[in-house]
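Not measured: the values here are computed from a predicted model.
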Amino acid sequence: MCGISGIFDTRERRPVDEALLSRMNQSLHHRGPDDGGLHCEPGVGLAHRRLSIIDLSGGHQPLFNEDHTVVVVYNGEIYNFQDLARELTDSGHVFRTHSDTEVIVHAWEEWGDRCVERFRGMFAFALWDRNRETLFLARDRLGIKPLHYALLPDGRLLFGSEIKALLVDGSLSREMDPLAVEDYFAYGYIPDPRSIFKSVRKLPPGHILTVKRGQRCLPEPREYWDVSFRSNGVRDADEVAGQLIERLREAVRIRLVAEVPLGAFLSGGVDSSAVVAMMAGLSDRPVNTCSISFGDPAFNESAFAEQVARRYATDHYVDAVDPDDFDLIERLAGIYDEPYADSSAMPTYRVCELARKRVTVCLSGDGGDESFAGYRRYRWHLYEEQLRGPIPQWFRGPVFGLLGALYPKADWAPKVLRAKSTLQALALDSLEGYCESVSILASQVRKDLFSPRLKRELQGYRAVEVIRHHAERAPEHPLSRVQYLDMKTYLAGDILTKVDRASMAHGLEVRVPILDHLFLDWVSGLSPDLKLSGREGKWIFKKALEPHLGRETLYRPKMGFAVPLASWFRGPLREKARQLLLGSSLMETGFFDERRVRWILEQHQSGMRDFSPAIWSLMMFSVFNARCNQLPAEPGV
């Protein structure tokens with residue numbers, strides 16, 4: 001794993017500020033503590049930080065072709081690089097290293113921008129072709145690896161693995177995007193391609209950006225891959241289960257290549273346990289596994305992880321996390337570079353810290369819930385769709401809307417008495433209803449929270465537009481549809497972002513076999529009723545794993561990877577929350593209604609309402625803004 005950054009003059013061949021490029025590179029030192037390199041020529045500067053995984057003695061970047069006319073900086077792993085190297089060698093290309101990086105430059109020479117279609121793995125890279133005067137940026141299909149870019153008024157294009165590399169250039173505007181603020185308080189993260197800054201964009205998953213010197217304006221990224229959800233024709237459950245295990249085992253196998261210590265996260269859930277089971281069957285040595293334990297039994301899965309570790313005789317390591325792990329709150333803003341409200345970032349950071357003590361590469365089970373319909377919200381969405389179907393919108397809207405408005409909001413009451421959100425969801429169309437189900441702050445809560453100024457700047461924009469955009473290409477089946485929407489938003493924007501930043505903060509590479517694009521394409525083509533059968537999510541995945549994992553692992557209630565926010569804000573974080581929400585850092589943005597913020601705090605701390613998601617989101621925004629104000633504001637600083 002690595003960090004990349006660079007500068008490209010889109011207009012002419014002006015000298016690149018090498019000192020600036022060096023500082024951009026140094027800002028990503030945590031992503032690649034083993035090595036670093038720069039390349040500068042008129043109008044182009046490329047920088048790289050390296051975490052050495054394969055070809056430890058070679059593979060230094062920036063890496064060139066034979067005549068030094070093509071050069072690349074790259075973050076990721078291409079698992080089929082050896083097959084591609086043989087094919088390219090047969091076509092006359094000469095290799096000087098045994099690294100997967102060199103495959104990229106020769107693949108570009110051979111296949112041009114279609115080279116990305118041949119790569120199997122996770123990657124973000126920037127390639128400069130001097131003869132074509134072309135900069136080529138690419139990001140992997142699912143967005144496992146990040147890439148950000150910004151075009152400055154003087155025509156320089158900045159890019160980097162993390163936004164912090166771009167912010168090293170003090171001439172980059174720090175003006176926040178009001179649309180990103182709305183997105184953040186809806187989703188808890190900022191979906192691609194937006195960032196919190198108007199000036200910075202994220203290259204979306206499965207996209208490339210080709211920039212030629214002299215173009216009058218920056219072109220739009222081009223999509224080169226999308227998950228298909230086309231039926232693969234396999235219906236028999238036993239046949240599916242058999243194929244599933246073989247395909248998963250192969251996706252795991254190709255991710256075991258490394259010249260450094262390798263292991264796996266083991267939470268005790270279905271997905272991580274499945275990956276460990278496959279690894280154990282492929283290895284002649286005990287698998288290194290790690291997990292963390294919490295003091296609160298409601299959030300502690302370590303006993304289930306121990307069961308799997310014993311079954312497969314793994315070299316298992318467990319560490320207890322301080323139940324009041326508050327030190328990370330301030331640090332998270334520096335890790336994510338923009339507001340990020342998934343509180344599981346805290347335990348994720350700690351488990352990556354733990355893993356790095358023993359290994360350099362870790363396999364994870366991320367992507368299982370999106371691929372196999374494991375989230376409870378999928379089941380509830382199908383229930384709601386069954387009710388929406390026979391009742392026309394002209395009737396549902398006003399009737400259920402009125403019932404939802406009249407029904408009391410009672411977070412303290414038993415779940416059976418909490419029907420307000422369901423009634424409100426039924427009043428909406430399918431996409432708006434799903435948006436409300438995934439939103440951390442409901443649309444009305446956001447509307448009440450935002451200041452008149454922010455509402456004016458939004459000009460009617462609502463976060464549901466993110467989902468509407470992707471829904472234009474989503475499959476028709478209601479389950480496949482929401483799985484697709486999550487893959488386009490939540491998976492890349494939240495889950496994979498969380499793991500990338502937390503792991504890279506410790507110089508740890510994380511590989512995700514369930515998100516192997518060939519495996520995922522096959523899984524997406526399975527019948528929806530094999531994924532969600534009755535009330536059982538991941539049904540076919542669990543059935544396939546029955547010979548490999550115990551029923552308690554496969555069929556126990558889902559726990560998640562959360563922290564006890566609600567009790568924190570009524571106890572040890574009570575004053576911290578008040579300071580961050582009512583202090584100058586948050587209010588000086590002008591985005592929020594101070595009276596409403598105060599009301600939210602009082603309602604939560606009195607125990608009448610659970611506003612912990614709103615309080616945490618506001619805290620993370622406040623911490624981010626405070627850090628943003630400390631960044632250099634002048635060019636060259």
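Here CD of E77 is found 11.0 Å from CD1 of I254. Values are rounded to the nearest 0.5 Å. How far CD of E246 is from CD of Q243: 9.5 Å, rounded to the nearest 0.5 Å. Separation of atoms CG (L88) and CD1 (I104) is listed at 11.5 Å; rounding is to 0.5 Å. The distance from atom CG of L209 to atom CZ of R201, rounded to the nearest 0.5 Å, is 12.5 Å. With rounding to the nearest 0.5 Å, the separation of OG in S480 from CE in M487 is 8.5 Å. In this structure, the separation between NZ on K357 and SG on C290 is 10.5 Å, given to the nearest 0.5 Å.
With sequence neighbours excluded, the residues satisfying side chain to side chain contact (heavy atoms under 4.5 Å, CB included) with R235 are S527, D529. Evaluation of the ring-ring contact (aromatic ring centres under 6.0 Å, His included) rule for H207 yields no partner, not counting sequence neighbours. By the salt bridge (charged side-chain N to carboxylate O under 4.0 Å, His left out) test, R255 pairs with D516, sequence neighbours left out. Considering only residues two or more places apart in sequence or on other chains, E353 meets the salt bridge (charged side-chain N to carboxylate O under 4.0 Å, His left out) condition with R350. R285 meets the salt bridge (charged side-chain N to carboxylate O under 4.0 Å, His left out) test with no other residue; sequence neighbours excluded. For E338, the salt bridge (charged side-chain N to carboxylate O under 4.0 Å, His left out) partners are K202, not counting sequence neighbours. Residues meeting the ring-ring contact (aromatic ring centres under 6.0 Å, His included) test with F159, sequence neighbours left out: none. When the side chain to side chain contact (heavy atoms under 4.5 Å, CB included) test is applied to S364, the partners found at least two apart in sequence or on another chain are F265, D366, V510, V512. Every side chain to side chain donor-acceptor pair (under 3.5 Å) that E370 has, sequence neighbours left out, goes to Y375. Not counting sequence neighbours, the partners of T69 by the side chain to side chain contact (heavy atoms under 4.5 Å, CB included) test are N65, D67, R130, N131. Under the ring-ring contact (aromatic ring centres under 6.0 Å, His included) criterion, H39 pairs with F64, not counting sequence neighbours.
With respect to W108, the ring-ring contact (aromatic ring centres under 6.0 Å, His included) criterion is satisfied by exactly one of F125, F136, Y74: F136. Only one option out of D90, T89, D83 pairs with R86 in a side-chain hydrogen bond (donor to acceptor under 3.5 Å, both in side chains); it is D83.
Ring pair W225/H517 is perpendicular by interplanar angle, where above 60° counts as perpendicular and below 30° as parallel. Relative ring orientation between F119 and F123 is described as perpendicular, the plane-to-plane angle rising above 60° on a 0-90° scale split at 30° and 60°.
Comment: R31 engages D500 in a salt bridge, judged by a side-chain N to carboxylate O separation of less than 4.0 angstrom. The existence of a salt bridge linking E509 and R511 is confirmed by a sub-4.0 Å separation between a basic side-chain nitrogen and an acidic carboxylate oxygen. Look at D521 and R230 and you find no salt bridge, because none of the NZ, NE, NH1 or NH2 atoms lies under 4.0 Å from a carboxylate O. The pair D337-K164 counts as a salt bridge, with a side-chain nitrogen and a carboxylate oxygen less than 4.0 angstrom apart.
Atom CD of Q215 has more than 12 neighbouring heavy atoms from other residues, nucleotides or ligands inside a 6.0 Å radius. Surrounding CD of E12 are more than 12 heavy atoms belonging to other residues, nucleotides or ligands, all under 6.0 Å away. Annotation: R13, atom CZ; neighbour count of heavy atoms from other residues, nucleotides and ligands within 6.0 Å does not exceed 12. The local environment of CZ in R14 is crowded, with over 12 non-hydrogen atoms from other residues, nucleotides or ligands closer than 6.0 Å. At most 12 non-hydrogen atoms from other residues, nucleotides or ligands lie less than 6.0 angstrom from CD of E220. The number of heavy-atom neighbours closer than 6.0 Å to NE2 of H469, taken from other residues, nucleotides and ligands shown, is 12 or below.
Centroid-to-centroid, the aromatic rings of H477 and F229 stay 6.0 Å apart or farther. Between F8 and W128, the ring center distance clears the sub-6.0 Å criterion.
Without hydrogens or angle criteria, T348 side chain to V499 main chain gives no donor-acceptor distance under 3.5 Å. Distance alone, capped at 3.5 Å, places no donor-acceptor pair between the S99 side chain and the T97 backbone. In this structure, R114 contributes its side chain and Y224 its backbone to no donor-acceptor pair below 3.5 Å. Side-chain N or O atoms of D129 include none that pairs as donor or acceptor with a backbone N or O of T134 at under 3.5 Å. Remark: the backbone N or O of K498 is paired with a side-chain donor or acceptor of Y336 at under 3.5 angstrom.
Sequence neighbours left out, the pairs with a member in residues 135-144 that pass salt bridge (Lys or Arg N to Asp or Glu O under 4.0 Å) are R139-D192.
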